[in-house]
Amino acid sequence: MSFVNRSTCLVALVSALFALNSGCASAPVRSGGPPALTAQETAVVSQGLTDASVRYTGQITGTANGVVERADYELVADGQVVKTGSTKLGVPFAPGAPADFSIEEKSAYVKSPEDLARLSAQGGTVLIALRGTLVVRSGGNEDTVPFAASRAVRVPRLPEVIVESLDAARYSPEEVQINLRLGVRNPNPFPLRLDSLTYQVAVADKPLEEGTTAQADSVDASATGVYPVEVAVTAQSWGPGVKALIGKGVLPYSVKGELKGPMLQVPYFLKGDVKLNVSR
């Protein structure tokens, strides 16, 4: 072999070794496609009359070592975006090994008392969803992976004010004590927060008692809260014709007011007759 040929072969060998060494020092390269979601779901952690807390959980799988850096998302209720956010995740994953991550968010999904009344009248269910994009880094690349999952929940329903019970004790021809128990019926599968329940009680069209009860109270899920009200029917409270009124044995009554709470305004009007028992 000539000197020229030997030199050419030596140069080729050195070049090949240099290329091999350069390849070992380069950044890792993904052997497959970008990371992908392999499972996802949204669960309702808690629900109230005006807000809900939801948790999105997912699994991501990649073909190289990587990390789910953050999630940029929207909380959607009844087709409307009610909140946006971004959260750092820092969840690592290995090739072919699914990695779990989760996002939890809470927001109001009722904007006003009118909105609450509309949903209550609508009935049925409402979809609550978390959607957005994951920022994922793997194999020296940054990818964005879209995600979205929803859950149907029962729409919030307005409570109802009722007469839970009513009786009257006749103490004399001119004195009757009415024991009225107002009920706040909660039809929802979650506790109902109350600010106040006002009442104005009239007997035979004459106002006799008014006040406020159920202040800073709550009613359990699918339960009825009961609030007693006592009304005295006497000559002093009703007037000089009270004896003739009581003598009829039946008193017509009415009660009106408003139930208030967070985003809650429910006016009510109830009426009927209360039969008097024998004198005590």
Side-chain angles (χ1 to χ4, degrees), residues 11-112 115 119 124-156 190 262-263:
V11 170
L13 178 61
V14 172
S15 298
L17 290 173
F18 179 79
L20 179 62
N21 290 333
S22 297
C24 292
S26 64
V29 178
R30 289 186 302 197
S31 59
L37 280 172
T38 50
Q40 61 176 340
E41 69 172 353
T42 291
V44 178
V45 179
S46 64
Q47 183 186 6
L49 192 67
T50 61
D51 54 35
S53 179
V54 297
R55 180 186 296 118
Y56 172 91
T57 56
Q59 280 187 345
I60 196 160
T61 304
T63 58
N65 289 324
V67 60
V68 185
E69 293 189 338
R70 74 173 191 275
D72 301 322
Y73 59 85
E74 297 175 334
L75 180 61
V76 181
D78 197 25
Q80 302 294 319
V81 177
V82 295
K83 193 172 185 179
T84 60
S86 181
T87 184
K88 293 182 179 180
L89 296 173
V91 176
F93 58 88
D100 298 326
F101 66 94
S102 65
I103 308 163
E104 188 166 323
E105 186 59 271
K106 181 178 182 179
S107 178
Y109 59 85
V110 172
K111 300 176 182 178
S112 65
D115 193 28
L119 286 172
T125 60
V126 60
L127 281 178
I128 298 180
L130 272 171
R131 68 187 185 193
T133 56
L134 301 170
V135 177
V136 184
R137 188 175 296 278
S138 67
N141 296 289
E142 183 177 282
D143 296 286
T144 55
V145 180
F147 68 90
S150 62
R151 174 72 65 177
V153 297
R154 281 181 54 185
V155 299
F190 48 79
M263 292 285 185

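Reckoned from all heavy atoms, side chains included, excluding hydrogens, waters and symmetry mates.
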Q) Can you check side chain to side chain contact (heavy atoms under 4.5 Å, CB included) on Ile60 and Val91, steps first, answer last? A) CA-CA 10 Å; Ile60 196 160; Val91 176; over 6 Å; no
Q: Could you tell me which residues satisfy salt bridge (charged side-chain N to carboxylate O under 4.0 Å, His left out) with Asp78, sequence neighbours excluded, listed by chain and number?
A: Arg118
**Q.** Nearest atoms (heavy-atom pairs only) where Pro98 meets Gly96
**A.** CD-O, 3.5 Å
Q. Are Leu49 and Phe190 side-chain neighbours, meaning at least one heavy-atom pair lies under 4.5 Å?
A. yes
Q) Partners of Arg55 by salt bridge (charged side-chain N to carboxylate O under 4.0 Å, His left out), sequence neighbours excluded? A) Glu104
Q: Under the side chain to side chain contact (heavy atoms under 4.5 Å, CB included) rule, collect the residues that match up with Val82, sequence neighbours excluded.
A: Leu75, Ala77, Ser107
Q: For Ser138 and Asp143, work out which heavy atoms get closest and say how close.
A: OG-OD2, 4.4 Å
Q: For Val67, check side chain to side chain contact (heavy atoms under 4.5 Å, CB included) against everything at least two apart and list the hits.
A: Glu69, Arg137
Q. How would you list, by chain and number, every residue that makes a salt bridge (charged side-chain N to carboxylate O under 4.0 Å, His left out) with Arg131, sequence neighbours excluded?
A. Glu74
**Q.** Note, Pro34 side chain near Asn141 side chain (heavy atom, < 4.5 Å)
**A.** no
(Q) Run the side-chain hydrogen bond (donor to acceptor under 3.5 Å, both in side chains) test against Gln47 and tell me which residues pass, sequence neighbours left out. (A) Tyr109
**Q.** Side-chain donor/acceptor of Thr42 to backbone N/O of Ala149, under 3.5 Å
**A.** yes
(Q) Could you report the tightest heavy-atom contact between Phe93 and Ala99, atom names first, then the distance? (A) CB-CB, 3.6 Å
Q) Please, which pairs that meet salt bridge (charged side-chain N to carboxylate O under 4.0 Å, His left out) have at least one residue in residues 37-52, sequence neighbours excluded? A) none
Q | Pairs involving residues 88-102, ordered by first then second residue, that meet side-chain hydrogen bond (donor to acceptor under 3.5 Å, both in side chains) (sequence neighbours left out) | A | Gln59-Asp100
Q) With a 4.5 Å limit on heavy-atom distance, are the side chains of Leu37 and Val145 in contact? A) yes
Q) Who are the side chain to side chain contact (heavy atoms under 4.5 Å, CB included) partners of Ala94, not counting sequence neighbours? A) Asn65, Ala97
(Q) Lys83: which residues meet the salt bridge (charged side-chain N to carboxylate O under 4.0 Å, His left out) condition with it, sequence neighbours left out? (A) Glu105
**Q.** Shortest non-hydrogen contact between Pro156 and Val110, atoms and distance
**A.** CG-CG2, 4.4 Å
Q. If only atom types and distance count, is the side chain of Thr63 paired as donor or acceptor with the main-chain N or O of Gly33 below 3.5 Å?
A. yes
Q: Provide the closest heavy-atom pair for Ser86 versus Arg70 in the form atom of the first, atom of the second, distance.
A: OG-CD, 3.9 Å
Q: Identify, with sequence neighbours excluded, every residue that meets side-chain hydrogen bond (donor to acceptor under 3.5 Å, both in side chains) alongside Thr125.
A: none
Q: Would you confirm whether Glu142, through its side chain, and Val135, through its main-chain N or O, come within 3.5 Å as a donor-acceptor pair?
A: no
Q.
Show me the pairs that pass ring pair (Phe, Tyr, Trp, His ring centres under 6.0 Å) and involve residues 129-150, at least two apart or across chains.
A. Tyr56-Phe147
